Amino acid sequence: MALWHLMFHKPAFDIRQVKHLVWYIDRQGNYGGFPVSHIGLVRDTDEISYVDMAFVQEVGLTQPLFEQMVKYIFVITAGLEDAPRPLYFAVMQKDLTEMKVDYYTYPDHSIDLIFWQHLKDVPHVDLPKLRFKN
């Protein structure tokens, strides 16, 4: 079982985007093909929204696979999961440093992921179109 603690810095990430991420992954039932046993918004402060996601990690995570999975979080929070391929690849071609993502792996293999800012050069869905309100 893998446990990822996702932290979204405000105001870069609106709570509606974070709730959309939780809703989308919960609805899919998997994350990157790995079955999700739990995902939920666990805390929301003035500075950070916290999400915990537990999933069954059926294969070892290589660094490239890990990075692709992290980038997909950006795709979902931007509302681009069903966007045309060029928009999807605009996100996936970037590296984590450029995306302002920090992460820490613990001895139990759980991971803290901190998302500091959204990508400025990738279009986002208008927030009123997302399913959730503040």
Side-chain angles (χ1 to χ4, degrees):
M1 183 70 64
L3 178 60
W4 286 13
H5 307 282
L6 313 175
M7 293 164 252
F8 299 92
H9 191 261
K10 293 178 181 178
F13 292 88
D14 186 283
I15 187 62
R16 291 174 284 180
Q17 292 170 301
V18 175
K19 287 179 178 180
H20 176 75
L21 170 77
V22 170
W23 173 83
Y24 182 80
I25 292 176
D26 188 53
R27 182 184 69 153
Q28 294 297 311
N30 73 80
Y31 178 62
F34 298 117
V36 172
S37 58
H38 171 77
I39 184 166
L41 179 67
V42 293
R43 189 169 177 210
D44 186 45
T45 70
D46 290 339
E47 295 179 3
I48 297 176
S49 296
Y50 299 84
V51 171
D52 281 354
M53 177 171 62
F55 58 95
V56 178
Q57 187 177 319
E58 298 171 333
V59 297
L61 257 132
T62 63
Q63 188 65 26
L65 176 59
F66 168 73
E67 290 183 13
Q68 294 299 307
M69 291 175 75
V70 172
K71 292 173 191 178
Y72 193 58
I73 292 170
F74 273 98
V75 169
I76 299 169
T77 58
L80 300 174
E81 60 273 7
D82 296 319
R85 290 279 182 212
L87 291 178
Y88 174 82
F89 288 120
V91 174
M92 300 306 277
Q93 72 182 353
K94 299 188 180 298
D95 65 43
L96 294 184
T97 304
E98 182 181 3
M99 298 174 91
K100 305 285 188 223
V101 175
D102 290 329
Y103 63 92
Y104 181 79
T105 304
Y106 292 94
D108 67 358
H109 302 290
S110 63
I111 297 174
D112 281 354
L113 284 159
I114 306 168
F115 297 85
W116 294 103
Q117 69 181 32
H118 234 302
L119 299 172
K120 294 176 177 24
D121 59 344
V122 175
H124 301 275
V125 171
D126 291 333
L127 291 178
K129 293 181 182 177
L130 294 179
R131 294 166 179 80
F132 301 97
K133 298 180 179 177
N134 284 343

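Keep in mind that the numbers below use all heavy atoms, side chains included, and drop hydrogens, waters and symmetry copies. As the structure is a computational prediction, the values presented were derived from the model and not from experiment.
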- prompt: Would you call the rings of F8 and F115 parallel, tilted or perpendicular, where under 30° means parallel and over 60° means perpendicular?
  reply: parallel

message: Please check this pair: side chain of S37 against backbone of A54, looking for a donor-acceptor N/O pair closer than 3.5 Å.
response: yes

task: Calculate, to the nearest 0.5 Å, the distance between atoms OH and OH belonging to Y88 and Y72 respectively.
output: 6.5 Å

query: Can V36 be reached from L21 by stepping across I, L, V, M, F, W or Y side chains whose heavy atoms are under 4.5 Å apart?
result: yes

- prompt: Does one hydrophobic cluster hold both M7 and V22, with members joined at side-chain heavy-atom distances below 4.5 Å?
  reply: no

field: W4 and F66 aromatic centres sub-6.0 Å
entry: yes

- prompt: Crowded around H38 NE2? As in, over 12 foreign heavy atoms under 6.0 Å?
  reply: yes

query: Hey, does V59 have a side-chain heavy atom less than 4.5 Å from the side chain of F34?
result: yes

- prompt: Counting N and O atoms only, with roles assigned by atom type, does the side chain of K71 sit under 3.5 Å from a partner on the main chain of Q93, one being a donor and the other an acceptor?
  reply: no

query: Out of curiosity, E81 CD to Y24 OH, how far, rounded to the nearest 0.5 Å?
result: 5.0 Å

task: Please list, chain by chain and in numerical order, all residues satisfying salt bridge (Lys or Arg N to Asp or Glu O under 4.0 Å) with D26, sequence neighbours excluded.
output: none

- prompt: How long is the span from the OG1 atom in T45 to the NZ atom in K10, to the nearest 0.5 Å?
  reply: 6.0 Å

- line: Exactly one of I76, L6, L41 clears side-chain contact (heavy atoms from CB on, under 4.5 Å) with V18, and that residue is L41

query: Roughly how far, to the nearest 0.5 Å, is CD of E67 from CG of L96?
result: 4.5 Å

message: Could you see if I15 belongs to whatever hydrophobic cluster contains W116? Use Ile, Leu, Val, Met, Phe, Trp, Tyr and a side-chain cutoff under 4.5 Å.
response: no

field: For D82, all residues meeting side-chain hydrogen bond (donor to acceptor under 3.5 Å, both in side chains), sequence neighbours excluded
entry: none

- prompt: What residue pairs, at least two apart or across chains, pass side-chain hydrogen bond (donor to acceptor under 3.5 Å, both in side chains) with a residue in residues 50-62?
  reply: H5-D52

task: Report yes or no: does T77 contribute a side-chain atom to a donor-acceptor pair with the main-chain N or O of I73 at less than 3.5 Å?
output: yes

- prompt: Should M92 and V101 be counted in the same cluster of Ile, Leu, Val, Met, Phe, Trp and Tyr side chains packed under 4.5 Å apart?
  reply: yes

message: Working to the nearest 0.5 angstrom, can you tell me the gap between S49 OG and R43 CZ?
response: 10.5 Å

message: Rounded at 0.5 Å granularity, tell me how far CD1 in I111 sits from OH in Y106.
response: 10.5 Å

query: Out of curiosity, does W23 fall in the hydrophobic cluster containing I25 (side-chain heavy atoms, cut-off under 4.5 Å, transitive links)?
result: yes

Heavy atoms from other residues, nucleotides or ligands near CD of Q63 exceed 12 (cutoff 6.0 Å): yes

